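Take a look at the structure set out below.
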Amino acid sequence: MAQHIVLLLVGLFWATGAGQAMAQYEITVSAGAFDRVETVASFTFPEPVAPGTYRMNSDSGENLLLQVDENQRGSFILRELPSEETRTYTVDTEAPVSSMPGQPEMSISAGQRTLIFNDGSRKVLSYYHRENRLPPGMDKMYKRAGYIHPLYSPGGVPLTNHLDQEIHPHHYGIFSAWTNTEFQGRTPDFWNPHNHSGRVDHADSVEKAWEGPVHAGFKAKNYFVDISGSAPVTALNEEWKVIVYNTASDGDYNMVDLVLTHTTNTGQPLVLPEYHYGGLAFRGHGDWNNPENVSFVTSEGMNRDEANETRARWVHMGGLVNGERAGVALLGHPDNYRAPQPIRIHPETPYVVYAPMQLGKMTIEPGSPYIMRYRFVTYDGEPDIEKINRLWNDYAYPPGITVEKQ
């Protein structure tokens, strides 16, 4: 596994395929209606550009790093740009660079079971690319891969939990599963393995992984397998795309994007009747099993008692972990189905679920992928509501960018 990841990384960032245009471009960034501070921005070059890292220079002397992927998609972190203002950068695609002094690389450590993503010397998250190792005495039905745990705050506080033998052992950090479903005349439950009607399998290997100065990430696949009939049938294919951004220059938060794509594996749809939970879920740290150690607040200003089955652009969950206070905001993208999506907040167990089927039956049809987009922002201390709102605006309404070849 480790060798497989290394080969992918080398292939992505140091290949210079034939036929790629080398030129100078002007990149004009428009802040729009919002003040921009440490904002993720991206665009696509109009012609092929070799994957790698380039320097963006403004007339005022500001220097930024631009990371270009194999699809000609360039990404950078816009440090600051007031609302309604524009700034123009030049990029010389004939002059790739390796790094910038003082800016750490986003890196990956490939272990036997997990991929560990690091922002310089800070751990950001771990992803289980192979089945977890169960505590003694736990039933093997709880073996699973294809989920994130732990997710860390910038100060290194773990924010997620999994394999809790006392409360809901089937919750796996940041994970995805459907609960109440209809498929081929059966009703598999992919959320609750103890019901023995559905399970989520991980692919044999991570499809792709990459490192870089702006972001690192991976693509991987899971399979939703119906085991309620006479033979197992894969009902859904799930793709994970995770991007971990370099926010070290701010240092106040870590930021991770997750895009989930569900496609049917047969000619039959997967029907999701109206139900109160299922979908993208976040299970909080074990210390938050004690309600006195955790708090919730939504974009609408609602707390734990008020927010369940309401719609929210974002949800904060946080509190004390080993005596340290930290938290996470789960941001839902406005392009998500039925956005702002309704949420499930359990009255006792520390977890949040974005559950669009609360608003009525929905169906994942053959030939029509169902896409979910979420961003996770972690921080130490109390939540900064103003900053969370600013980060949601950046996510929902990114800066405008035009690209001109010189």
Side-chain angles (χ1 to χ4, degrees), residues 147 167-168 170-172 174-200 222-229 233-240 258-284 296 298-300 302-315 317 330-374:
Y147 64 93
I167 304 175
H168 296 281
H170 54 287
H171 292 172
Y172 300 91
I174 299 173
F175 68 104
S176 167
W178 298 115
T179 312
N180 185 24
T181 79
E182 297 172 3
F183 176 67
Q184 295 183 344
R186 300 180 296 276
T187 57
D189 178 352
F190 303 101
W191 181 285
N192 298 288
H194 47 278
N195 287 340
H196 303 288
S197 63
R199 67 172 189 254
V200 179
N222 293 326
Y223 306 104
F224 285 51
V225 183
D226 174 8
I227 57 173
S228 63
V233 180
T234 298
L236 280 182
N237 301 313
E238 177 183 66
E239 180 188 83
W240 279 53
L258 170 60
V259 180
L260 297 171
T261 303
H262 286 188
T263 56
T264 59
N265 189 61
T266 71
Q268 289 78 42
L270 183 77
V271 178
L272 304 170
E274 183 176 343
Y275 201 65
H276 60 292
Y277 71 93
L280 185 279
F282 188 107
R283 172 62 188 270
F296 296 78
T298 73
S299 54
E300 311 311 304
M302 296 184 180
N303 62 27
R304 185 178 202 165
D305 295 332
E306 304 164 332
N308 186 48
E309 297 191 6
T310 67
R311 301 172 79 167
R313 292 176 292 114
W314 56 260
V315 186
M317 174 168 53
L330 289 68
L331 283 55
H333 197 279
D335 287 346
N336 285 343
Y337 182 58
R338 293 175 173 169
Q341 292 179 326
I343 56 174
R344 162 68 168 165
I345 296 181
H346 195 279
E348 299 173 351
T349 306
Y351 79 84
V352 175
V353 184
Y354 274 105
M357 81 293 299
Q358 286 183 7
L359 298 177
K361 183 179 79 170
M362 50 188 283
T363 304
I364 303 176
E365 298 280 2
S368 182
Y370 175 63
I371 301 174
M372 298 165 273
R373 299 174 179 86
Y374 304 98

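Along the sequence shown, residues are numbered consecutively beginning with 1. Fair warning: this is a prediction, and the values are worked out from it, not measured in the lab.
- The closest side-chain heavy-atom distance from V315 to Y354 is below 4.5 Å.
- In this structure, the ring-ring contact (aromatic ring centres under 6.0 Å, His included) partners of H333, at least two apart in sequence or on a different chain, are Y395.
- Of the inter-residue distances, the one linking N336 atom CG with M372 atom CE reads 8.5 Å to the nearest 0.5 angstrom.
- Looking at heavy atoms from C-beta onward, R344 lies in side-chain contact with N308 at the 4.5 angstrom threshold.
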Exercise. Kindly determine whether H168 and H170 satisfy ring-ring contact (aromatic ring centres under 6.0 Å, His included), including the steps that lead there.
Key: CA-CA 5 Å; H168 296 281; H170 54 287; 5.4 Å; yes
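- The main-chain N or O of P340 is found under 3.5 Å from a side-chain atom of R311 such that the two form a donor-acceptor pair.
- In this structure, CD on E306 lies 10.0 Å from CD1 on I345, to the nearest 0.5 angstrom.
- N303 contributes a side-chain N or O that, together with a main-chain N or O of D305, makes up a donor-acceptor pair within less than 3.5 Å.
- Sorted by first and then second residue, the salt bridge (charged side-chain N to carboxylate O under 4.0 Å, His left out) pairs with a member in residues 180-190 read R186-D226; sequence neighbours excluded.
- Closest heavy-atom contact between A312 and T298: CB-CB, 4.0 Å.
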Side-chain donor-acceptor distances from residues 358-370 under 3.5 Å, at least two apart:
residue, atom, partner, partner atom, Å
Q358, NE2, H276, O, 2.9
Q358, NE2, I343, O, 3.2

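- Taking the side chain as every heavy atom from C-beta outward, N265 and F224 never approach each other to under 4.5 Å.
- Between H171 and F282, the closest side-chain pair of non-hydrogen atoms is not below 4.5 Å.
- Residues satisfying the side-chain hydrogen bond (donor to acceptor under 3.5 Å, both in side chains) test with E348, not counting sequence neighbours, are none.
- Closest approach of S176 to E238, counting heavy atoms only: OG-OE2, 2.8 Å.
- Contact annotation: the side chain of T266 never approaches that of T234 to less than 4.5 Å [non-hydrogen atoms, C-beta and beyond].
- Note on ring orientation: taking the six-membered ring where Trp is involved, the planes of Y351 and Y277 are perpendicular (angle over 60°, cut-offs 30° and 60°).
- Applying the ring-ring contact (aromatic ring centres under 6.0 Å, His included) criterion to F296, with sequence neighbours excluded, gives no partner residue.
- Residues Y172 and P193 share a closest heavy-atom pair of OH-CG, 4.3 Å.
- Under the 4.5 Å side-chain criterion, counting only non-hydrogen atoms from C-beta, T310 is not in contact with E300.
- One distance of note links CZ of F175 with CZ of F190; it measures 14.5 Å at 0.5 Å rounding.
- We find the CG-CG distance between N237 and N222 to be 10.0 Å, quoted to the nearest 0.5 Å.
- With rounding to the nearest 0.5 angstrom, the CZ atom of R283 is 13.5 Å from the CD1 atom of I174.
- Residues L236 and F183 form no side-chain contact, since every pair of their non-hydrogen atoms from C-beta on lies 4.5 Å or further apart.
- Here the shortest heavy-atom pairing between V353 and A281 reads CG2-CB, 3.8 Å.
- Taking Y223 as the reference, nothing meets the ring-ring contact (aromatic ring centres under 6.0 Å, His included) condition, with sequence neighbours excluded.
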Exercise. Any chance you could lay out the side-chain contact (heavy atoms from CB on, under 4.5 Å) test for Q341 and Y374, step after step, and finish with the verdict?
Key: CA-CA 11 Å; Q341 292 179 326; Y374 304 98; 2.8 Å; yes
Practice problem: Starting from the C-alpha separation in whole Å, work towards a yes-or-no answer on side-chain contact (heavy atoms from CB on, under 4.5 Å) for M357 and T181. | Solution: CA-CA 11 Å; M357 81 293 299; T181 79; over 6 Å; no
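- The CG atom of L270 sits 11.5 Å away from the OG1 atom of T263 when rounded to the nearest 0.5 Å.
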